[in-house]
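Small disclaimer: the values here were computed from a predicted structure and weren't measured. Heavy-atom basis, side chains included; hydrogens, waters and symmetry copies ignored.
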Amino acid sequence: MTSPAPAPLRSSRGRRYAGLVALVLPLVTGLAACSAPAPTVASTSSASAPAAETPSTSSAAPSAAPATPSGVSAAVEAALQALVASSPQPSTAQVRESLSAAGFAPAAVEVSASRTPTGLAADAVEVGVLGETECVMAQLRSGTVATSVLPVLPNGRCFIGSVQR
């Protein structure tokens, strides 16, 4: 006339829940990975570029942003390559000035903080240049520029969260 101990019941429910999570989690993760388009990535280093090419890269910057995504990507990369050639770890303001000088509207440029909240230099500066349907994303790290073209976020921006203005 004794009832079963409550501990085995809880343990059984816990195992069922853990089993359900173990089955559903990989499915959800796999679907999330399949839903996003693969980014186009290009990576170059100013350290590998000959010194004679640096001035021609900076003079090739357009006076206005090109309309095609590949043209925008090339223009962003050229402007940032010229910047990291002179300053391997540029500040947020330097990145904005460089892209503005290359003909990109300040409202279309999103840049991460170049300093941490504690005042240290950030390992990398992230840059997003908003186009009509795509964002040219770039990462500046130790004199290296890596770019990719990604879709514009549903909020109409390239970055999630705060942007340094």
Ser87: what forms a side-chain contact (heavy atoms from CB on, under 4.5 Å) with it, not counting sequence neighbours?
-> Pro90, Gln94
Rounded distance (nearest 0.5 Å) linking atom CG of Leu83 with atom CD of Gln89 | 11.5 Å
Between Glu132 and Val152 the two heavy atoms that sit nearest each other are O-CG2, 4.4 Å
Scan for disulfide (SG to SG under 2.5 Å) pairs involving residues 74-123, sequence neighbours excluded, and state none if there are none.
-> none
Can you list every disulfide (SG to SG under 2.5 Å) pair that touches residues 105-155, not counting sequence neighbours?
-> Cys135-Cys158
Report yes or no: does Ser114 contribute a side-chain atom to a donor-acceptor pair with the main-chain N or O of Thr92 at less than 3.5 Å?
-> yes
Result block: side-chain N/O donor-acceptor pairs under 3.5 angstrom for residues 118-126, not counting sequence neighbours:
residue: Thr118; atom: OG1; partner: Thr116; partner atom: OG1; Å: 3.0
residue: Glu126; atom: OE2; partner: Gln139; partner atom: NE2; Å: 2.7

Are any side-chain N or O atoms of Ser100 and backbone N or O atoms of Pro106, one a donor and one an acceptor, separated by less than 3.5 Å?
-> no
Measure from the side-chain N and O atoms of Ser98 to the backbone N and O of Ala79, and report whether any donor-acceptor pair falls under 3.5 Å.
-> yes
In the single-linkage hydrophobic clustering (I, L, V, M, F, W, Y; side-chain heavy atoms under 4.5 Å), do Met137 and Leu130 co-cluster?
-> no
Could you tell me which non-hydrogen atom of Ala75 sits nearest to which non-hydrogen atom of Phe104, and how far apart they are?
-> CB-CZ, 3.8 Å
